[in-house]
Amino acid sequence: MTLENTLTQSIRKVIENLYGQSIDEKLVQLQATRKEFEGDLTLVVFPFLKISKKNPELTAQEIGDALQKEESLVSKFNVIKGFLNLSISKNHWIDTLNVIVADDQYGTVEVTEQSPLYMVEYSSPNTNKPLHLGHIRNNLLGFSLCQILKANGYKVVKTNIVNDRGIHICKSMLAWKLFGNGETPESSGKKGDHLVGDYYVRFDKEYKVQVKELMEKKGLSEEEAKKQAPLLLEAQTMLKKWEDGDPEVVALWEKMNSWVYAGFDQTYKRLGVSFDKIYYESQTYLDGKAKVMEGLEKGAFYRREDGSVWADLTQNGLDEKLLLRTDGTSVYMTQDIGTAQQRFKEYNIDKMIYVVGNEQNYHFQVLSIVLDRLGFSWGKDLVHFSYGMVELPEGKMKSREGTVVDADDLMDEMVSTARETSDELGKLEGCTEEEIANIARICGLGALKYFMLKVDPRKNMMFNPKESIDFNGNTGPFIHYTHARIRSLLRKAAEAGFQLPSSLPVDMEVSEKESNLIQNLANFPSVVRQAGAEYSPALVANYAYELVKEYNQFYHDFSILKEEDEQKKAFRLLLSQSVAKVIKTAMGLLGIEVPERM
RNA sequence: GGUCGGGUAGCUCAGCUGGAUAGAGCAACAGCCUUCUAAGCUGUGGGUCAUGGGUUCGAAUCCCAUCUCGAUCACCA
């Protein structure tokens with residue numbers, strides 16, 4: 001029973017006694033008291049005026065009087081306009097802190113056998129180029145969401161669908177075959193995904209030359225030239241050969257994909273994300289085709305004269321959607337159907353969540369209907385965790401214009417900036433090189449992750465390289481710093497031989513700042529719950545920031561190790577320790593590590 | 001044009017299940033280290049919450065209209 005719940009019930013009781021009417025729980029609006037007023041929680045009394053038939057001040061006064069008699073949690077109160085500010089008794093706060101101290105898993109719910117299973121798909125890269133800033137947002141959101149769902153007591157299967165087949169990968173393959181001279185990651189020292197990406201760019205470059213030539217020499221329109229360029233035709237031939245199982249093409253495909261996977265693994269590992277089960281489009285698209293044919297027979301879809309297969313979604317207020325091309329090859333949707341089927345065969349999934357950018361909102365609207373029509377009961381309840389695009393100060397990222405921010409480069413830059421900052425401030429003197437490197441890694445990546453996760457996932461976000469690298473203010477390192485400070489305090493207390501008690505006497509004195517901090521800590525579980533319900537890591541990030549800001553003020557205003565009253569000292573240390581614990585858990589939900597010192 | 005999502009301080013963002021004087025950070029300016037980590041703390045300036053109407057005791061928040069930005073509506077992925 002939380003403080004709010006207890007109070008709500010008492011307030012309902014009091015109001016019924018006073019005015020002879022029972023009231024709905026929803027009318028009891030409790031909110032944290034604003035800083036400028038005395039009190040911990042505030043009851044808004046406007047909703048009760050109709051029943052009390054008195055003015056706001058008088059009503060608040062009456063409720064306050066009665067509540068103070070009725071509920072021992074309320075130590076005193078004051079009334080300002082229609083707001084009843086309640087002060088909660090000191091021993092409630094100590095009680096609360098004692099509970100937090102005793103709970104190692106504070107804020108999280110245990111996963112049990114009966115927990116529902118959530119499958120979360122995220123990352124979903126194409127195997128023709130390295131990961132960039134957009135993928136970073138996807139990966140961080142996906143991983144964090146999984147952490148948050150687990151903390152809410154759900155079983156989670158993290159999954160990835162790798163788009164490993166199709167014309168895009170044939171383009172890289174063809175360019176490598178024509179211009180690569182047998183270059184390998186080993187021979188060039190390039191990371192595999194970057195190497196393959198370079199050939200994808202090379203294809204585009206050569207292709208453009210051909211298109212231009214066709215337009216100039218043969219007088220073709222741009223549209224025609226783009227269709228007829230020999231390189232594109234050759235890539236299409238290659239795709240056909242791949243589908244027919246041509247050994248040479250398949251061997252090249254396997255070789256180049258393996259390079260890419262080695263590169264991706266490195267990037268994922270560094271980013272700190274992982275998967276429980278990886279699916280490959282090359283292994284699911286045939287199932288998708290079969291499923292579409294099945295739907296066609298059942299009359300869920302229809303075939304046009306040219307042989308292509310479509311879903312008519314006009315009765316759902318949408319358009320018609322292609323599922324199989326005239327030549328029988330599959331499209332994006334087909335593959336998603338096949339993947340969905342395999343997943344639901346292998347796992348007992350209660351909820352499927354797709355972490356995919358908002359540019360695909362329409363796609364998932366359609367997918368949901370199509371799966372439903374195919375008889376997948378879970379189809380209509382699938383969740384498209386739709387996040388906004390990452391924009392740069394100069395506009396959208398465009399790979400063709402070279403404005404893409406590469407994931408590996410970005411991580412390098414963040415870590416080296418963290419390293420420089422540490423060196424400048426001279427805080428890590430006496431640490432080994434290994435320790436320094438690790439702290440720089442934690443801070444650099446933490447800065448990047450926090451920067452991307454603190455904004456509402458649904459919204460487009462601006463990525464300004466200069467700001468993202470800032471380590472002051474509302475940033476990951478700000479939170480790191482507070483954690484490191486607290487750990488330092490606790491180390492010093494231990495070195496001095498100070499024994500931390502496991503709990504505190506409830507009757508001790510607590511200042512307003514301190515009880516505010518406990519109140520903040522007490523809110524953590526509901527923040528985790530809300531973040532899970534709304535699929536929003538940003539709520540956790542913003543909570544962590546508020547908590548840390550509050551703690552830094554406390555740290556500044558109160559002495560801790562130098563406090564002479566042993567009981568107060570113990571209290572402040574336990575309070576600090578609890579703040580550190582919650583910071584660590586909250587950051588963990590964001591996929592961010594915290595340093596012991598910095 | 002249809003559908004969907006945005007518009008809050010110079011910039012980046014909170015606040016949006018209606019509640020007190022709309023909050024942070026950055027940037028600018030002014031303070032605080034012989035004292036537990038100054039990657040910190042304190043203060044100053046900065047707002048027609050896109051616009052207009054409506055509902056309400058009360059609207060940044062809910063409803064309608066308008067303006068504006070973006071995404072999407074491909075035999076692309």
Classify [X] by what it touches in the nucleic acid, base, sugar-phosphate, or nothing, heavy-atom distance under 4.0 Å.
X: A/Phe478; answer: sugar-phosphate
X: A/Arg597; answer: base
X: A/Glu546; answer: nothing
X: A/Phe364; answer: nothing
X: A/Asp327; answer: nothing
X: A/Ser422; answer: base

For [N] versus [M], give the span between their [atom1] atoms, rounded off to a whole number of Å.
N: B/C57; M: B/G18; atom1: C1'; result: 12 Å
N: B/A22; M: B/G47; atom1: C1'; result: 8 Å
N: B/G45; M: B/A30; atom1: P; result: 15 Å

What's the closest nucleotide to the side chain of [X] if the choices are [options]?
X: A/Tyr555; options: B/A77, B/C36, B/A24; value: B/C36
X: A/Tyr362; options: B/A77, B/C73, B/C41; value: B/C73
X: A/Tyr545; options: B/C36, B/G40, B/A24; value: B/A24
X: A/Asn361; options: B/C4, B/C26, B/U72; value: B/C4

Thinking salt bridges, do [X] and [Y] make one under a 4.0 Å N-O criterion?
X: A/Arg491; Y: A/Glu495; value: no
X: A/Asp456; Y: A/Arg458; value: yes
X: A/Glu320; Y: A/Arg304; value: yes
X: A/Glu593; Y: A/Arg441; value: yes

Check the distance between [N]'s [atom2] and [X]'s [atom1] and give it to me in whole angstrom.
X: A/Asn552; N: B/C41; atom1: CG; atom2: C1'; result: 8 Å
X: A/Glu563; N: B/C36; atom1: CD; atom2: P; result: 16 Å
X: A/Lys549; N: B/U42; atom1: NZ; atom2: P; result: 6 Å
X: A/Arg572; N: B/C36; atom1: CZ; atom2: P; result: 16 Å

Q. Run the salt bridge (charged side-chain N to carboxylate O under 4.0 Å, His left out) check on A/Lys513 and A/Glu550 step by step: do they pass?
A. CA-CA 8 Å; A/Lys513 193 82 201 162; A/Glu550 191 81 17; 3.4 Å; yes

**Q.** Canonical and wobble pairing (Watson-Crick, G-U, under 3.5 Å) of RNA chain B, dot-bracket with |
**A.** ((((((((.[[[[.)...(...]]]].(((((.......))))).....[[[[[..)....]]]]])))))))....

Q: Ignoring backbone atoms, establish whether A/Arg325 has a side-chain N or O less than 4.0 Å from OP1 or OP2 of B/C76.
A: yes

Q | Contacts of A/Ser221 that satisfy side chain to side chain contact (heavy atoms under 4.5 Å, CB included) - sequence neighbours left out | A | A/Glu223, A/Glu224

Q. Taking for each residue the nucleotide of RNA chain B bearing the nearest heavy atom, is the 5' side occupied by A/Gly307 or by A/Asn358?
A. A/Asn358

**Q.** 5'-most by nearest nucleotide on RNA chain B - A/Ile486 or A/Val548
**A.** A/Ile486

Q: Might you work through the side-chain contact (heavy atoms from CB on, under 4.5 Å) test for A/Thr159 and A/Tyr279, ending with a clear yes or no?
A: CA-CA 7 Å; A/Thr159 187; A/Tyr279 291 90; 3.3 Å; yes

Q: List in numerical order all residues of residues 487-498 of chain A for which some heavy atom is under 4.0 Å away from an atom belonging to RNA chain B.
A: A/Ser488, A/Leu489, A/Lys492

Q: Report, as a single string ordered 5' to 3', how protein heavy atoms within less than 4.0 Å touch nucleotides 10-20 of chain B: B base, S sugar-phosphate only, - not at all.
A: -SSSS-B--BB

Q) Can you find a heavy atom in the side chain of A/Tyr302 that is under 4.5 Å from one in the side chain of A/Trp310? A) yes

Q | Any side-chain heavy-atom pair of A/Ile369 and A/Lys380 under 4.5 Å | A | no

Q.
Applying salt bridge (charged side-chain N to carboxylate O under 4.0 Å, His left out) as the test, list every pair that has at least one member in residues 560-574 of chain A; sequence neighbours left out.
A. A/Glu514-A/Arg572, A/Glu563-A/Arg572

Q.
By the salt bridge (charged side-chain N to carboxylate O under 4.0 Å, His left out) test, which pairs, at least two apart or in different chains, include something from residues 279-288 of chain A?
A. A/Arg165-A/Glu281

(Q) Syn or anti for B/C63? Use the chi torsion, O4'-C1'-N9-C4 for purines and O4'-C1'-N1-C2 for pyrimidines, with syn inside 90° of 0. (A) anti

Q.
Taking A/Tyr280's backbone N and O only, do any of them form a donor-acceptor pair with A/Asp164's side chain (distance below 3.5 Å, no angle check)?
A. no

Q.
Ring centres under 6.0 Å, that's the criterion: do A/Phe46 and A/Phe83 meet it?
A. yes

